[in-house]
Each structure stands twice: as structure tokens, then as C-alpha cells.
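One structure below.
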Amino acid sequence: MMEQKLRQLLDQSCVVGGEVRCFDVLDSTNTYLKELALNGAPNGLAVLAEQQTAGRGRMDRRFQSPKGMGLYLSVLLRPELPPERLLPVTALAGVAVCGAVERLCGERPGLKWPNDPVLHGRKLAGILTELTVDGDGKLALVLGIGINVRQGREDFSPDVAEIATSLRMEGLAVSREALAAALLRELDKMYRALLAGELDPWREAYRQDCVNLGRPVQLLYPGGRKQAVALDIDEEFGLVVRLEDGEVTVVRSGEVSVRGLYGYVE
Ligand code: BTN
């Protein structure tokens, strides 16, 4: 990542990305930023790496992060809000990713509930939000986002190649610096909306982006699975589903996973 090029593209008025630090190699931008958070790093700090040697996904999975191919970015947020108001952050970050890609590429990805950006039915990006407590006992959020930008099929391991895609593979050419700048700008808007409690437009965008609605989904519980149809998104960004017996219920991220259309499993 060319740090100078990125800096030129940044909007100085933004809190998110108000300070950026770029590295050639990190184990994981999330792991590194959590350490910085403990040592008093500023609100909005963004950390980027050209390559991650131990990029992490949800559920203890790896996030493949080959050198120079993807955008690997984490931002530190210190919202002074009660914890329950932080719950939608990962969903909102999904909308921010869709917005940044649309702005630059002219094509908007969808979201596989709760927050996997997908393009043409394949996984384009991943989001990992981690909560940490800093030295003063205050909550801090580390929001990690990886977007596949320049990978070809050969850059993914065979199992991941079945389900993943990159912007380039979908015919969308974009510089990682421009994408990083656009993403930081969208995340800044998102952060302001979160603080102000003005989430209605974001909820509506989430509803529009969610590719599961109106479709069959499998709900994966620790002990088994249930068939359902996804109906809607509720006030708290939960997924409203109708089970086979007709019961309508809401699933919240973290409680169950959804196996959607695309054959990949959370
Ligand atoms: C997932 O798809 O399960 C989430 C993947 C999140 C990957 C990003 S890349 C930047 C940041 N650092 C990490 O180690 N993970 C996140």
C-alpha cells in the first residue's frame, strides 16, 4: 500500500481514518490494533497492512491475506455509548463496505446476513469486530475489514476458491488506496450515525442489501439446524424468519449462523 497516495486521498475532516498507519507485514491488523488500543491509541486510528501472516476471520477461521492483493484494514472506535447501542456495528460496517465498493466501482455488493459482503453470489469481503477494554477500563471496538481486490482464483486456497471472489475477478478494477479512502469515509459516516442514533437510513440500506430476504435459509445451531424462510430485518438488525411449522421468530447474530444460497458455511 502506498502510504503517501492514501494520505492524499483522505478526508481531513473525518474522525475515522483521522490517523492512519500502514505496514508491510503484520500478523493481523486487528491483533495489532487491539494492542495499540490498550496503550491509549486515538479514536478513529486506522491500521493497514500489505500482507497478514495470521489474518483472522470469525469463528476462529483464517482470513487469507496474500501480499498486495487485498485491503486489510482495522479501525479503532471508542464510542461513548452503552454496550447495547454497539450491537449493530458489524451490520453497519457491512453497509459501509457496500457503499464504498459502489462508489468506486459502480456496482453494489449484497450482504449475506449478518455481514458478509457478496458479489455475484461469492464472498468478496469479511468483517471481524472485536470488543476490547483499554487501560482505563473503557470499551473500545476494533473493526477489521478485509476486501479481496486483486486476487485471481490461484491466490486462494482450493477450498476458499470455490466460494470467494475478488473485485478483479468480477471485472472491477480499482486501486486499494482509493478503496481504503472510500471505505474510511463511509465508516466515518457510519460512526457519526451511530453516535447520533440516526440509524433509520442505515437500517433501510441494510434491508436492501441483505440478499437473504425472501429466500430459504438454514439456521445452524450448535446442536443442529432448522429450515426457514428469511422475511425481514427487524429494528435491531436481526433476521426475521418463518420456520417450517409457521412460527415467526428473530435470529440475532451470534446466536445462530445462517447457511444461505452460496454453499458456504459460517
Ligand atoms: C470473516 O470473513 O470471517 C471475517 C474476516 C475479517 C478479515 C479482516 S482483514 C483485516 C482484519 N484483520 C484480521 O485479522 N481480520 C480482519
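For ligands, and for the atoms within them, numbers begin at 1 and follow the listed sequence.
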(request) Compute the shortest N/O to N/O distance between Y72 and ligand 1 and return yes if it is under 3.5 Å, no if not. (result) no
(request) Would you mind checking if R192 and E198 are paired as a salt bridge, meaning a charged N to carboxylate O distance below 4.0 Å? (result) no
(message) Check R21 with E19, please: is the shortest side-chain N to carboxylate O separation under 4.0 Å?
(response) yes
Protein heavy atom at shortest distance from [atom]:
atom                    : result
atom 9 (S) of ligand 1  : Q52 NE2, 3.4 Å
atom 10 (C) of ligand 1 : T29 OG1, 3.2 Å
atom 3 (O) of ligand 1  : R58 N, 2.8 Å
atom 8 (C) of ligand 1  : G146 N, 3.6 Å
atom 5 (C) of ligand 1  : F63 CD1, 3.5 Å
atom 15 (N) of ligand 1 : R56 O, 2.8 Å

(request) List in chain and number order the residues that pass ring-ring contact (aromatic ring centres under 6.0 Å, His included) with Y206, two or more places apart in sequence or in another chain; answer none if no residue qualifies. (result) F237
As an exercise, identify every atom of ligand 1 less than 4.0 angstrom from a heavy atom of [X].
X   : result
L73 : 10 (C)
G57 : 1 (C), 3 (O), 4 (C), 5 (C)
G55 : 14 (O)
S74 : 11 (C)

(message) Testing the 3.5 Å rule here: is there a donor-acceptor pair between the side chains of D159 and S157?
(response) yes
(message) Just by distance, no angles: are the side chains of Y72 and N30 close enough, under 3.5 Å, to form a donor-acceptor pair?
(response) no
(message) Looking at D245, I want to see if its CG is surrounded by more than 12 non-hydrogen atoms of other residues, nucleotides or ligands under 6.0 Å.
(response) yes
(message) Distance check, rounded to the nearest 0.5 Å: Q208 atom CD versus R203 atom CZ?
(response) 13.5 Å
(request) Indicate, as side chain, backbone, both or neither, the part of I127 found under 4.0 angstrom from ligand 1 when only non-hydrogen atoms are considered. (result) backbone
(request) Specify side chain, backbone, both or neither for A125, according to which of its non-hydrogen atoms lie closer than 4.0 Å to ligand 1. (result) neither
(message) Any side-chain to backbone donor/acceptor pair from R122 onto A161? Under 3.5 Å, distance only.
(response) yes
(message) Looking at L128, is its backbone amide N or carbonyl O close enough to the side chain of E130 to form a donor-acceptor pair, meaning the two atoms are under 3.5 Å apart?
(response) no
(message) Under 4.0 Å, counting heavy atoms only: does K123 come that close to any atom of ligand 1?
(response) yes
